[in-house]
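Heads up, the thing below is written out as C-alpha cells.
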Amino acid sequence: MSTHPKPLDREGLLMDTAVLAQFLIGKLIVRAFPDMLATARIVETEAYLTGDEASHGFRGPTPRNKVMFGAPGFAYVYLAYGVSFMLNVSSAVAGTGEAVLIRAAEPVTGLEAMKRQRGDVPTRDLLRGPGRLAKALDIDRRLDGIDLCSIGSLWLASDGESAGDIGVSVRIGITKDAMRPLRFFLKGSKFVSGPASLNAAL
DNA sequence: TTGGCGATTGGCT
DNA sequence: GCCAATCGCCAAT
C-alpha cells in the first residue's frame, strides 16, 4: 500500500486561470482504485475563461457546468460527443465560470489499473488525450463536483519536482475563439497529445 | 418538446 | 487524412 500523496492547497490554486493551467503542468493526478493508487504527471492543459466563446461557462451557469462557477479545485466532468468524458479543474473565485481542462498525463504508478480500464494500449497512449485520460482513470459524471484538494477517490498533488519548459499553443478541437494561446504542454514530453505542428519545441 | 451541436476517438481509405 | 459513432445539453419553439 503506497502512501497517499498530499493534496494541493485550495488557496494555492487561486490565481489567473491561464496561470493555473501552467501551474498544473508537472503536478500529479491521483486516482484511488479499489486495489491500488494510480498516479500520473500532468503534461498538457487548456484554460477556459470568462468571456471565452469556447468555454462551457460562456452563457452562464447551467445544471451541467455549475461546478465551473463554484470555488477552485473541484472536478468539472462532462461528456463530449456522447463518447468521451473530460476532466476539468474549476478555477477562480466562486461566481466566476472558469476551468482548466486536463488533456494528457504521463503514467507514474498504478499502470496495471489504468491498463485494465483502457485495454491493451501502449503505455505512451494510456493518458494521451482528454477522453483517454478519463477512461484510464475511470472518470465519469459520478465524479463531477468532487473535491480535488482532499484525499478521496480523485485528487491533485505535487511531488515537489519542477515541471520543465512549458510550451504554448492554440487550443485543440474548438471552432470559436480558436486563436487564443491557452493550451499549455510540457516541452519534449512524448505523452502530450495534439498534432506535432502545435508541439514543436521552439 | 425538440433538434442542432459538440473542449474526441478509433477505424478505415 | 477523413469520418461516423453516440448522447447529454440547452436554446428556441
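Each of A:V121 and A:H56 has a nearest nucleotide on DNA chain B; the 5'-most of these lies closest to A:H56. For A:T62 and A:A80, each mapped to the nucleotide of DNA chain C holding its nearest heavy atom, the one lying further toward the 5' end belongs to A:A80.
Using a 4.0 Å cut-off on heavy atoms, the residues of residues 128-136 of chain A that approach DNA chain B are A:G129, A:P130, A:G131, A:R132, listed by number.
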Atom pairs and distances, donor-acceptor, side-chain atoms in residues 158-166 of chain A, under 3.5 Å, two or more places apart:
from: A:S158; atom 1: OG; to: A:G160; atom 2: N; distance (Å): 3.0
from: A:D159; atom 1: OD1; to: A:E161; atom 2: N; distance (Å): 3.0
from: A:D159; atom 1: OD2; to: A:R41; atom 2: NH2; distance (Å): 2.4

Can you give each donor-acceptor pair under 3.5 Å made by side-chain atoms of residues 18-28 of chain A, sequence neighbours left out, with the distance rounded to 0.1 Å?
from: A:Q22; atom 1: NE2; to: A:A18; atom 2: O; distance (Å): 2.9
from: A:K27; atom 1: NZ; to: A:F23; atom 2: O; distance (Å): 2.9

Using residues 51-59 of chain A as the side-chain source, report each donor-acceptor pair under 3.5 Å to any protein atom, sequence neighbours left out, with the distance given to one decimal.
from: A:D52; atom 1: OD1; to: A:A54; atom 2: N; distance (Å): 3.0
from: A:D52; atom 1: OD1; to: A:R171; atom 2: NH2; distance (Å): 3.1
from: A:D52; atom 1: OD2; to: A:L49; atom 2: N; distance (Å): 3.2
from: A:D52; atom 1: OD2; to: A:R171; atom 2: NH1; distance (Å): 2.6
from: A:D52; atom 1: OD2; to: A:R171; atom 2: NH2; distance (Å): 3.4
from: A:S55; atom 1: OG; to: A:G57; atom 2: N; distance (Å): 3.0
from: A:H56; atom 1: ND1; to: A:Y76; atom 2: OH; distance (Å): 2.7

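The closest side-chain heavy-atom distance from A:L127 to A:L137 is below 4.5 Å. Counting heavy atoms from C-beta on, the side chains of A:I174 and A:Y48 come closer than 4.5 Å. Side-chain atoms of A:L111 and A:M114, non-hydrogen and from C-beta on, do get closer than 4.5 Å to each other. Side-chain contact between A:R103 and A:L133 is absent, with no heavy-atom pair separated by less than 4.5 Å. Side-chain contact between A:V192 and A:R183 is present, with at least one heavy-atom pair separated by less than 4.5 Å. Side-chain contact check for A:P195 versus A:I172: some heavy-atom pair is nearer than 4.5 Å.
A:R171 comes within contact range of no nucleotide atom at all, as no heavy-atom separation falls under 4.0 Å. As judged by a 4.0 angstrom heavy-atom cut-off over every strand, A:R118 is placed among residues touching the sugar-phosphate backbone only.
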Nucleotide pairing, DNA chain C (Watson-Crick or G-U, distances under 3.5 Å), in dot-bracket with [ ] and |: |||||.||||||.
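First and last contacts of DNA chain B with chain A, using any nucleotide atom under 4.0 Å from a protein heavy atom and ordered 5' to 3', fall at B:dG6 to B:dG10.
Although no hydrogens or angles enter the test, the distance criterion places a donor-acceptor pair under 3.5 Å between the side chain of A:E98 and the main chain of A:T50.
Closest to the A:V83 side chain, of the nucleotides C:dA5, C:dA11, C:dC10, is C:dA5.
Atom P of nucleotide C:dA5 and atom CG of A:L79 are separated by 17 Å, given to the nearest angstrom. In this structure, the CG atom of A:D144 is 13 Å from the C1' atom of C:dC9, given to the nearest Å.
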